[in-house]
Amino acid sequence: AQSVAQPEDQVNVAEGNPLTVKCTYSVSGNPYLFWYVQYPNRGLQFLLKYITGDNLVKGSYGFEAEFNKSQTSFHLKKPSALVSDSALYFCAALSPRGWGKLQFGAGTQVVVTP
Amino acid sequence: DTEVTQTPKHLVMGMTNKKSLKCEQHMGHRAMYWYKQKAKKPPELMFVYSYEKLSINESVPSRFSPECPNSSLLNLHLHALQPEDSALYLCASSQGDGYSTDTQYFGPGTRLTVL
């Protein structure tokens with residue numbers, strides 16, 4: 001069965017410090033991996049995705065993610081966090097045979113303090 | 001422009017009411033999706049339309065009835081809902097046919113409250 005795990009319910013970081021949000025996956029084949037961000041009472045905003053190729057993927061708003069096949073991980077990173085990065089972050093996976101059905105992680109709340 | 005619009009933003013309805021949610025995209029995407037999201041939880045897929053035809057129904061109760069009048073528009077008709085149906089309803093679209101691995105772009109959602 002497919003699954004995506006986000007082991008941390010919440011990540012707290014001071015503004016200006018590096019931010020990492022963890023994600024591991026268990027998906028058959030070579031999955032496509034996504035990160036979305038959700039601000040309060042808003043829809044999900046697409047940040048970035050990994051299909052194939054370079055293991056470091058750059059996305060919107062200064063975010064990047066590192067794909068590690070041996071560890072089946074796809075951690076989201078930002079070198080210097082902003083207070084405005086405080087939001088709910090979702091990792092998601094799509095199997096090439098997944099019929100368009102995104103498998104979401106449980107979500108990680110990021111809190112950036114001034 | 002990756003914009004999906006949804007109306008209304010908020011909806012309060014009684015259990016005997018009939019209402020509809022509307023979703024629109026003008027990106028030429030061929031697949032459209034309805035999701036239900038409870039607070040602080042990930043979205044749950046409800047329906048997928050591919051080329052205006054229903055391709056996936058995730059065993060959603062019949063009190064939710066989707067409709068795709070054309071390639072840009074997706075409706076969700078609501079009837080005899082229960083209080084536990086209160087949630088944020090998200091629409092999304094993707095370029096491919098719904099079976100592809102294209103990025104799904106989400107609208108802002110409709111916050112539904114069932115009294």
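Here the structure is a predicted model, which is why all the values come from computation and not from measurement. A, B, ... follow the sequence lines: proteins, then strands. Residue 1 opens every chain.
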Quick one: pull up OH in Y35(B) and CG in L102(A) and give me the separation to the nearest 0.5 Å.
4.5 Å
Determine whether L88(A) and W35(A) fall in the same hydrophobic cluster, where Ile, Leu, Val, Met, Phe, Trp and Tyr are linked whenever their side-chain heavy atoms lie under 4.5 Å apart.
no
Please indicate whether N57(B) has more than 12 foreign heavy atoms, meaning atoms of other residues, nucleotides or ligands, lying under 6.0 Å from its CG.
yes
Does the side chain to side chain contact (heavy atoms under 4.5 Å, CB included) test come out yes or no for L45(B) and F104(A), once each step is laid out?
CA-CA 10 Å; L45(B) 182 66; F104(A) 284 95; over 6 Å; no
Under a 4.5 Å heavy-atom cutoff, which of Q37(B), K41(B), R111(B) has the most pairs with chain A?
Q37(B)
Let me know if E58(B) has heavy atoms under 4.5 Å from chain A in its side chain, its backbone, both or neither.
side chain
How many angstroms lie between atom CD of Q104(B) and atom CZ of F34(A), to the nearest 0.5 angstrom?
7.5 Å
Note: L44(A) and F106(B) closest approach over all heavy atoms is O-CB, 3.3 Å
Taking a hydrophobic cluster as the set of Ile, Leu, Val, Met, Phe, Trp and Tyr residues connected by side-chain heavy atoms closer than 4.5 Å, whether directly or through intermediates, do Y105(B) and Y50(A) fall within one such cluster?
no
In terms of hydrophobic clustering (I, L, V, M, F, W, Y; side-chain heavy atoms under 4.5 Å; direct or indirect links), are L73(B) and L78(B) co-clustered?
no
Please tell me whether V37(A) and L90(B) are part of a single hydrophobic cluster in this structure, the criterion being side-chain heavy atoms less than 4.5 Å apart.
no
Should L88(B) and Q38(A) be marked as a side chain to side chain contact (heavy atoms under 4.5 Å, CB included) after you check the CA-CA gap, both sets of side-chain angles, and the distance that decides it?
CA-CA 12 Å; L88(B) 182 67; Q38(A) 186 173 33; 3.8 Å; yes
At what distance, to the nearest 0.5 angstrom, does CG of D9(A) lie from NZ of K40(B)?
11.0 Å
Locate the shortest heavy-atom distance separating A106(A) from P42(B); write the atom from each residue and the value.
O-CD, 3.8 Å
If you look at every heavy atom in T103(B) and Y36(A), which pair is closest and at what distance?
CG2-OH, 3.9 Å
Contact origin within K9(B) toward chain A - heavy atom pairs under 4.5 Å
neither
Are L47(A) and F74(A) connected in the hydrophobic side-chain network, where two residues link if heavy atoms are under 4.5 Å apart?
yes
A quick test of your reading: do over 12 heavy atoms of other residues, nucleotides or ligands sit less than 6.0 Å from OH of Y39(A)?
yes
Between Q109(A) and chain B, which part of the residue has a heavy atom less than 4.5 Å away: side chain, backbone, both or neither?
side chain
